Structure formats: C-alpha cells, structure tokens
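One structure is given below, encoded as structure tokens.
Computed from a prediction, not measured in an experiment: that's the story for all the values here. We count ligands from 1, going down the list as the structure has it; atoms in each ligand are counted the same way. Positions are given from 1 along the sequence.
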Amino acid sequence: MAECLFCRIVAKEIPSKVVYEDKQVLAFHDINPAAPVHVLIVPKQHRTSLLDVTPDDQAVLGHLQLVAGQLARELGLEERGFRLVSNCGEEGGQTIGHLHFHLLGGRTLQWPPG
Ligand code: 5GP
Ligand code: ZN
C-alpha cells in the first residue's frame, strides 16, 4: 500500500471526486476548498515537489498545465479567470508531499497571497 496520501488517491485506495484522469495525471476536488472551484492536479507518478523533478519530467509538467487550462474552461472559469499554484516546501505552504497544482477560481483572488 502506498504511504503518500495522494499516491493512495491516485491508486483509488482513498476516494476522491475525480474531475479528470488520463495515464499521467489525476485531477480531483480539494477536500477543503479555498474557492468555489478548487481542483488539485497531480502527476500519477510520485514526485515530492517542483524540486523533485528532472528534465525527464518535462513532458508531464507541460501536460499538467495543458490539463489545467482545459479544466479551467470546462469548469466555467475562462471568462472570469483563475489561478494555478504549486506550493513548495514549508514556507511555500506545502502540506502534502506529492507534487500538485491548485486550480482556483470562482471568486476574486487576492494578490499577493498571505
Ligand atoms: P498544499 O497545502 O500541500 O499545497 O495542498 C494540499 C491540499 O490537499 C490542501 O488544499 C488540502 O485541503 C488537500 N487535501 C488534503 N487531504 C486531502 C484528501 O484526503 N482529499 C482531497 N481531495 N484533498 C485533500
Ligand atoms: Zn505520492
């Protein structure tokens, strides 16, 4: 059994509300949404963060962003806008050690973040 929470979600050992899935990527609703739309987009292969990738991961990293844009469209954020963010490490606010992108939208998001 995988130890990482998101690896367990990818393996369907833990249920999630999946919004998109293909060979490389899973996208699911955040359990504690910070905005009306809050989807997490993760590579199926475990990487801890953006500091744990190599040039071999270039294709999947690009793919994650293409999926994010497509999901933003499908979730009705095209006109209003949205934010894609990956928290990295302690000061970045990362709490789950499996690389993920937050797709946030459906309200006006503040900048700079707190
Ligand atoms: P981070 O803080 O690492 O950038 O983001 C982790 C995100 O995962 C948080 O927004 C948190 O709400 C979400 N999360 C934590 N546990 C679960 C879970 O079991 N299921 C889902 N769907 N999201 C989770
Ligand atoms: Zn993992």
List the protein residues in contact with ligand 1, where contact means a heavy-atom separation under 4.0 angstrom. Leu5, Phe6, Ile9, Phe28, His29, Asp30, Ile31, Asn32, His38, Leu40, Asn87, Gly93, Gln94, Thr95, Ile96, His100, His102
Sole residue of Gln24, His98, His63 in side chain to side chain contact (heavy atoms under 4.5 Å, CB included) with Pro43: His98
Among Leu99, Val25, Val19, which residue meets the side chain to side chain contact (heavy atoms under 4.5 Å, CB included) test with Ile41? Val25
Among the N/O/S atoms of His46, which is closest to the Zn ion (ligand 2)? Give the atom name. ND1
For the Zn ion (ligand 2), find the closest N/O/S atom on His98 and give its atom name. ND1
Tell me whether the count of non-hydrogen atoms from other residues, nucleotides or ligands lying under 6.0 Å of CD in Gln70 goes above 12. yes
Using a cut-off of 6.0 Å, state whether more than 12 heavy atoms not belonging to Arg80 lie near its atom CZ. no
Would you check if Val37 and Phe82 make a side-chain contact, meaning some heavy-atom pair closer than 4.5 Å? no
Sequence neighbours excluded, the answer for salt bridge (Lys or Arg N to Asp or Glu O under 4.0 Å) partners of Lys17 is none
Quick one: closest heavy-atom pair of Pro33 and Asp30, and the distance? CD-O, 3.6 Å
